[in-house]
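Let me begin by presenting the structure, written as structure tokens, before commenting on it.
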Amino acid sequence: MSTSELASKAEQLKLSENLVYVDETAGNDESGNGTKEAPYKTALSAVTLVANMPEEKQETFKIMVKKADSNEYAEITASALKKAKNAHKIAEKKAKKQAEQAAKDQAQLKAKQLEEQRKLEESKQIKLVLDESLPEPKLIRIKDATENRGQRVKVFGWVNRLRVQGKDMMFIVLRDGTGYLQCVLTNTLCHTFDALTLTLESTVVLYGVVDKLPEGKTAPGGHELTVDYWEVVGKAPGGDDAITNKVSAESDPSIQYQQRHLVIRGDTASAVLKVRSRVMRAFRDHFDSAGYFEVTPPCMVQTQVEGGSTLFSFNYYGEQAYLTQSSQLYLETCLPSMGAVYTMAESYRAEKSHTRRHLSEYTHCEAEIPFISFNDLLDCIENMVKDVVNRVWAEPETRSMIEQLNPDFKPYTEPFVRMRYEEAIKWLNDNGVKHEDGSDYVFGEDIPESPERAMTNKIGKPILLTHFPGPIKAFYMPATKEDPRVTESVDLLMPGVGEIVGGSMRIWDHEDLLAAYKREGLDTAPYYWYLDQRKYGTCPHGGFGLGVERFLAWLLDRYTVRECCLYPRFVDRCQP
Ligand code: 4AD
């Protein structure tokens with residue numbers, strides 16, 4: 001309690017009584033005020049109170065104490081009073097010392113602030129000048145730093161990391177999308193206003209010479225830019241608005257998705273997006289080298305491919321239309337003119353599920369091939385996955401990002417496991433993977449995500465799971481000749497993710513396809529163009545679709561497909 005508070009408390013006392021009460025049992029030093037109604041607990045509090053009264057009154061006061069073993073108040077004994085007065089003196093000295101220290105600290109802080117302010121003001125006077133006698137700098141991007149070692153360069157970028165060492169040295173790790181570059185600024189370069197107020201994510205241009213680092217020192221690329229001149233291009237906010245206060249790796253996922261435009265600047269998210277770019281190029285290169293043509297079918301459609309329940313519908317100039325679930329049907333129409341075709345387009349699924357492998361919008365890599373058998377189709381899928389992995393693994397920069405994100409990854413060289421749906425049902429039951437209620441899986445039912453994941457993880461190898469029963473698959477899948485209960489269909493399952501590819505042969509007989517529409521209760525009218533394929537020179541054909549985000553989640557060991565696209569769309573999230 002402060003001295004003034006004590007003094008006012010003393011004033012409030014019943015001065016006429018000139019007594020201060022201490023009850024060792026029922027008193028309270030915090031809430032008491034020394035009256036008989038609210039006595040203190042210790043004599044020290046009573047002495048402190050008296051000591052804060054006007055001097056002329058102090059002598060007139062008596063301290064009355066009710067000992068713990070007594071029911072009566074009696075005047076404090078001389079020895080107890082002496083003891084309390086000593087304790088009060090010690091406490092007073094301590095408080096004085098504390099107050100002096102606090103005042104000193106405050107003064108020091110103020111001086112420091114003033115000094116900083118003065119330095120900042122002074123720094124405004126420091127202007128860097130480009131030394132015209134130095135060689136003309138060459139504008140480079142960070143990825144080209146190695147081949148430009150030893151010569152003067154100029155490089156633009158974002159301040160990815162910042163470390164100030166003393167007042168004459170500053171390290172910036174610069175990021176420009178092509179790589180990271182450690183830059184060192186010394187002396188006057190660190191004394192300018194911009195240097196003293198530099199923040200993460202500010203954009204800068206740095207001039208200087210890139211040199212190999214001496215043995216034992218490490219930095220990205222094994223080199224460092226010794227800066228001789230620099231400028232700020234655009235300053236990022238500090239304080240409450242600093243990027244580190246907006247989002248971090250520890251932030252709640254909902255904040256991370258809301259701030260994804262900032263998250264993608266991070267080392268991990270940007271590496272995923274870069275590998276994604278290389279993977280998409282590898283798919284294109286794979287198909288290109290195998291003689292496929294790329295097509296880009298419409299996303300606004302009036303037909304369903306994978307069942308009506310996951311269609312996003314919208315008003316198309318007064319008519320009902322949908323966002324495509326798959327470009328498959330359009331790819332099929334391209335076979336007679338272009339032969340084997342593929343597309344890398346967005347597909348849309350109104351999936352209400354919150355699983356880690358479902359998006360509402362995903363990138364769908366789909367291919368369609370004429371005149372093939374079901375076994376050819378399985379080979380196509382297996383070869384594509386292996387070839388795409390080999391292609392990205394062969395690029396040193398991409399490989400190092402894959403290794404950064406998934407250190408245990410090795411390209412898979414063995415043949416993929418090929419397993420029929422019926423065998424998978426048996427595997428689940430033999431391996432104790434059951435329904436929640438403990439019952440067995442039975443032929444004919446869908447194998448949901450969880451048992452599928454359990455099986456794939458336990459087998460630990462890619463599995464081409466084939467011959468699913470017709471009723472759990474799409475209308476266009478043909479039954480096999482040997483067993484009409486099952487279809488020529490396939491899912492590719494990968495450890496850690498589960499299904500990444502879905503494919504099948506297609507019913508190619510006109511009458512059979514009409515029968516399939518009837519069975520599904522689908523109106524054939526909007527599909528006139530699809531049915532025409534079976535009229536005007538039909539052929540056995542098949543194809544598949546691969547979810548690019550699921551492929552990446554597997555390749556890069558990401559927990560969810562939401563991390564594998566730029567701005568994920570899922571239930572309740574359509575921002576940024
Ligand atoms: O198995 P699906 O539904 O097959 C088709 O759409 C076929 N028409 C493709 C074809 O034959 N051309 O989907 C194919 C793949 C799945 O294996 C999965 O990787 C991905 O697309 N996929 C999804 N990815 C993310 N979010 C979703 N909601 C997905 N739905 C399917």
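The analysis underlying the following values was restricted to heavy atoms, covering all of them including side chains, and did not include hydrogens, waters or symmetry mates. Values in this document were obtained by computation on a predicted structure and should not be read as measured data. Along the sequence shown, residues are numbered consecutively beginning with 1. Counting starts at 1 for both ligands and their atoms, following the listed order.
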Verdict with supporting geometry, Arg558 and Val272, side chain to side chain contact (heavy atoms under 4.5 Å, CB included): CA-CA 9 Å; Arg558 295 297 94 193; Val272 172; 3.9 Å; yes
Salt bridge (Lys or Arg N to Asp or Glu O under 4.0 Å) between Glu403 and Arg399, intermediate numbers included: CA-CA 6 Å; Glu403 286 173 329; Arg399 177 174 170 163; 3.3 Å; yes
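Note on ligand 1: Val561 sits outside its first shell, no heavy atom being nearer than 4.0 Å. At least one heavy atom of His364 sits closer than 4.0 Å to an atom of ligand 1. Ligand 1 lies out of reach of Tyr330, whose nearest heavy atom is not under 4.0 Å from it. Ligand 1 is approached by Arg357 to a heavy-atom distance shorter than 4.0 Å. Residue-ligand proximity: Arg506 is placed with a non-hydrogen atom under 4.0 Å from ligand 1.
A donor-acceptor pair is defined here as one N or O able to donate and one able to accept, closer than 3.5 Å; such a pair exists between the side chain of Ser347 and the backbone of Gln325. Of the possible donor and acceptor atoms, one in the side chain of Asn383 sits under 3.5 Å from a partner among the backbone N and O of Asp379. Without hydrogens or angle criteria, Glu319 side chain to Asn315 main chain gives no donor-acceptor distance under 3.5 Å. With Ser373 contributing its side chain and Asp376 its backbone, the two residues share a donor-acceptor pair below 3.5 Å. Side-chain atoms of Gln256 come within 3.5 Å of backbone atoms of Ser248 as a donor-acceptor pair (strictly under, hydrogens ignored).
When only non-hydrogen protein atoms are considered, atom 18 (C) of ligand 1 lies nearest to Arg550 NH1, 3.6 Å. The single protein non-hydrogen atom nearest to atom 16 (C) of ligand 1 is Glu499 OE2, 3.1 Å, given as residue, atom name and distance. The closest protein non-hydrogen atom to atom 15 (C) of ligand 1 is Gly545 O, 3.5 Å. Of the protein's heavy atoms, Glu306 OE2, 3.2 Å lies nearest to atom 7 (C) of ligand 1.
Contacts of Glu332 with ligand 1, taken as heavy-atom pairs under 4.0 Å, are absent altogether. At a 4.0 Å heavy-atom cut-off, ligand 1 touches Tyr362 through the side chain alone. At a heavy-atom cutoff of 4.0 Å, ligand 1 is contacted by the side chain of Glu366 but not by its backbone.
In terms of polar-atom proximity, Leu546 is not counted as a contact of ligand 1, lacking any N or O under 3.5 Å from an N or O of the ligand. Between Ala367 and ligand 1, no pair of N/O atoms sits closer than 3.5 Å. Here's the thing with Ile500: one of its N/O atoms is less than 3.5 angstrom from an N/O atom of ligand 1. The shortest N or O to N or O distance between Glu368 and ligand 1 is not under 3.5 Å. Here's the thing with Ser326: one of its N/O atoms is less than 3.5 angstrom from an N/O atom of ligand 1. Some N or O of Arg349 is nearer than 3.5 Å to an N or O of ligand 1, by distance alone. Between Glu351 and ligand 1, a contact under 3.5 Å exists for at least one N or O pair.
Judged by distance alone, the side chains of His358 and Arg349 never bring a donor and an acceptor atom under 3.5 Å apart. Side-chain N/O atoms of Tyr362 and Glu549 include no donor and acceptor closer than 3.5 Å.
For the atom pair CE (Met344) and CD (Glu294), the distance works out to 7.0 Å, reported to the nearest 0.5 Å.
Aromatic ring centroids of Tyr322 and Phe314 lie 6.0 Å or more apart.
Heavy-atom contacts of Gln328 reach the following atoms of ligand 1: 7 (C), 8 (N), 10 (C), 11 (O), 12 (N) (cutoff under 4.0 Å). Close approach to Tyr476 involves these atoms of ligand 1, each under 4.0 Å from a residue heavy atom: 7 (C), 8 (N). Ligand 1 places these atoms under 4.0 Å from at least one heavy atom of Val501: 17 (O). Using a 4.0 Å cut-off to heavy atoms of Leu359, the atoms of ligand 1 that qualify are 25 (C), 26 (N), 27 (C), 28 (N).
In this structure, Tyr517 and Tyr530 have perpendicular ring planes: the angle between them is above 60°, well past the 30° mark. Using cut-offs of 30° and 60° for the angle between ring planes, the Tyr342 and Tyr292 rings count as perpendicular.
Between Leu464 and Glu382, some side-chain heavy-atom pair lies under the 4.5 Å cut-off.
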